[in-house]
Amino acid sequence: MRSRQWDLDNDYSILCAWFKEREWDSPIPKESLPVRGIMIEDDNSQPICACGLYVDVQSNFGFMYGLFSKLGVGKIELFKAMKLCVEEIKKEAENNKLGIVYTITGEDSLDKLYVKHMSMIPCENSVRSYVMDLNNHKNLDWIQ
């Protein structure tokens, strides 16, 4: 298993295929994804999972967005890949001199990964999220 920087020009089609596998109504627009991100591949160079990192160097704040994965990957392999992905996001955050990386999830399995295996600190338990759509997207299913 290996990690690499994601390249949205080449990797966006992989992410879209994963979104389609999960039957999302619409994919995340490419321009809405962060430039920085990590792709984890198996020993045959097949992508397993990916995660993005938004960076605000002025405030030393980062936002880890998504932990997207391919369907059909075994639980143990997927767990190892996701753990490696978060470890690589941490390295990316350190390389960008961030002091805080924040993320959100509604998935119990990711909560367990973050808290139990990555020593991340839980913040709020019952949060509602909101979006201000300044570009008048026709479909925001990908973020709702």
Atom pair CG (L98) and CD (E92), whose distance is rounded to the nearest 0.5 Å: 8.5 Å
One should read off an interatomic distance between I89 CD1 and S3 OG, to the nearest 0.5 angstrom, of 10.0 Å
Take a 6.0 Å sphere around NZ of K112 and say whether it holds more than 12 heavy atoms from other residues, nucleotides or ligands. no
Distance check, rounded to the nearest 0.5 Å: C49 atom SG versus K80 atom NZ? 13.5 Å
According to a 4.5 Å side-chain heavy-atom criterion applied to Ile, Leu, Val, Met, Phe, Trp and Tyr, with indirect links allowed, do L33 and V101 form part of one hydrophobic cluster? no
For the pair R4 and D11, find out whether any cationic side-chain nitrogen is under 4.0 Å from an anionic carboxylate oxygen. yes
Applying side-chain hydrogen bond (donor to acceptor under 3.5 Å, both in side chains), name anything that partners D56, two or more places apart in sequence or on another chain. S59
Looking at L78, V86, L84, which one forms a side chain to side chain contact (heavy atoms under 4.5 Å, CB included) with M82? L78
Using modelled atom types and a 3.5 Å cut-off, is there a donor and acceptor pairing between side-chain atoms of D43 and backbone atoms of M1? yes
Rounded to the nearest 0.5 Å, what separates atom OG1 in T105 from atom OH in Y114? 5.5 Å
For D108, enumerate each residue passing the side-chain hydrogen bond (donor to acceptor under 3.5 Å, both in side chains) test, keeping only those at least two apart in sequence or located in another chain. none
More than 12 heavy atoms of other residues, nucleotides or ligands under 6.0 Å from CG of L71: is that the case? yes
L53 versus P34: any side-chain heavy-atom pair under 4.5 Å? no
Report the distance from atom CG of D42 to atom CD1 of I48, rounding to the nearest 0.5 Å. 4.5 Å
Say whether, by atom type as modelled, one donor and one acceptor occur between the side chain of W6 and the main chain of V35 under 3.5 angstrom. yes
Mind checking whether F63 and Y54 have parallel, tilted or perpendicular rings, split at 30° and 60°? tilted
Verify same cluster id: F19, L110 (apolar side-chain graph, 4.5 Å): no
So does K91 pair up with E88, basic N to acidic O under 4.0 Å? yes
Drop me the distance from N135's CG to S32's OG, to the nearest 0.5 angstrom. 8.0 Å
